[in-house]
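Just below is one structure, and these are the notes that go with it.
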2 protein chains.
Amino acid sequence: MSDKKHKILDAALDLFANEGYTATSTSKIAQKAGVSEGLIFRHFESKKGLLHAIMQEAEDRLRDVLADILCEKDPRGVIRKTIELPFNIRSEEYDYWRLQYKLKWDKDYYNPDKMKPLIEKLKEAFALLGFEESEQEARLLSHVLEAVSIELLRGNMKDPQQFKSFLLEKYKA
Amino acid sequence: MSDKKHKILDAALDLFANEGYTATSTSKIAQKAGVSEGLIFRHFESKKGLLHAIMQEAEDRLRDVLADILCEKDPRGVIRKTIELPFNIRSEEYDYWRLQYKLKWDKDYYNPDKMKPLIEKLKEAFALLGFEESEQEARLLSHVLEAVSIELLRGNMKDPQQFKSFLLEKYKA
DNA sequence: GTCTATAGGCCGATAGAC
DNA sequence: GTCTATCGGCCTATAGAC
């Protein structure tokens, strides 16, 4: 990929994630990327096309992160890794996640199936550990995971490590 | 309040909550409300002013809902009412809540303190019930509450009543 | 006089021409 | 990579209805 195309993607990710998609103009993106505005349309056709390219990358990263959990054999390991998930987000990737969570409110981009494999895996893990209502437990944990991620991404959690330890303790993971 | 002013508020709430603030133009609001665009500015000064008026109402509703929990004496009652909170949202009020959650990503409007009284109350309730880590428990439950609300508001929870029962059972509330 | 509608100004946004 | 056309955004000025 060309250097400038990459710069455009970087700038757009930052702005889309932090200012919002509609609030971000293509001229702002071009300015931040240090390229001419026309180049954006040359590479991505439209503003929507640019967003699409970014979301493609974001979904790839989601898949990568989930893959490690999905091939875990030990049920406790599955739960531990799931709990650790939001706490392990690399700060360079924050914008990808922020954008994903923001767009969840957008009908065009929200896809509940993206998390389905993880929930199935969790259900299996809870069942193996002898939990009665394994599906509900899986849903509960995935909800906690979601809320914690949002809190962390907004930079609004007081003491992340302490809360992480608390969760790991609670789930004996 | 005049009939048309009310119509504007209704239309704007719907559009802001479902399409997003920046994605909604004042002309679309006027069209949906069946009024002239100029009227919006006569009543609310600016588009921001209109949002502000709506958020004022939304905060009032939040306070109302929390008030009932905050004056509850029985610690189990506090937890039960908190769990029931998201499941009791009246469908006519969905848009208010949707808007609140969406704007949490917006630096100008996000105010973490709005939920603070509830978390304090929960902490107190857990402490009374003999939980060791009452603060963490309170934070955990508030996170569950948040994620469940979001899921419900997105209309994406499979079997709400079943999950509600599961939570009440789990917390013996 | 107060409330409402209409017509347009100005600006910035997307996109396409060169 | 620049330049610009066109469209739609927010808002105001002014005129009309009650």
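Chain letters run A, B, ... following the sequence lines, proteins first, then strands; residues in each count from 1.
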Task: Pairs involving residues 132-158 of chain B, ordered by first then second residue, that meet ring pair (Phe, Tyr, Trp, His ring centres under 6.0 Å) (sequence neighbours left out) - done: A/F163-B/H143
- [ ] With side-chain contact (heavy atoms from CB on, under 4.5 Å) as the test, would you mind laying out the steps for B/Y171 and B/T82 before giving the verdict?
- [x] CA-CA 11 Å; B/Y171 280 93; B/T82 302; over 6 Å; no
Task: Mutual orientation of the aromatic rings belonging to A/Y109 and A/H52 [parallel < 30°, tilted 30-60°, perpendicular > 60°] - done: tilted
- [ ] At under 4.0 Å between heavy atoms, which parts of nucleotides 1-16 of chain D does protein reach? Answer with one letter per nucleotide, 5' to 3': B base, S sugar-phosphate only, - none.
- [x] BB------SBBB----
TODO: Answer yes when A/K116 and A/E120 have at least one side-chain N-carboxylate O distance shorter than 4.0 Å, and no when they do not.
DONE: no
- [ ] With B/K5 as the cation and B/F44 as the aromatic partner, state whether NZ or CZ is under 6.0 Å from the six-membered ring centre and within 45° of the axis.
- [x] yes
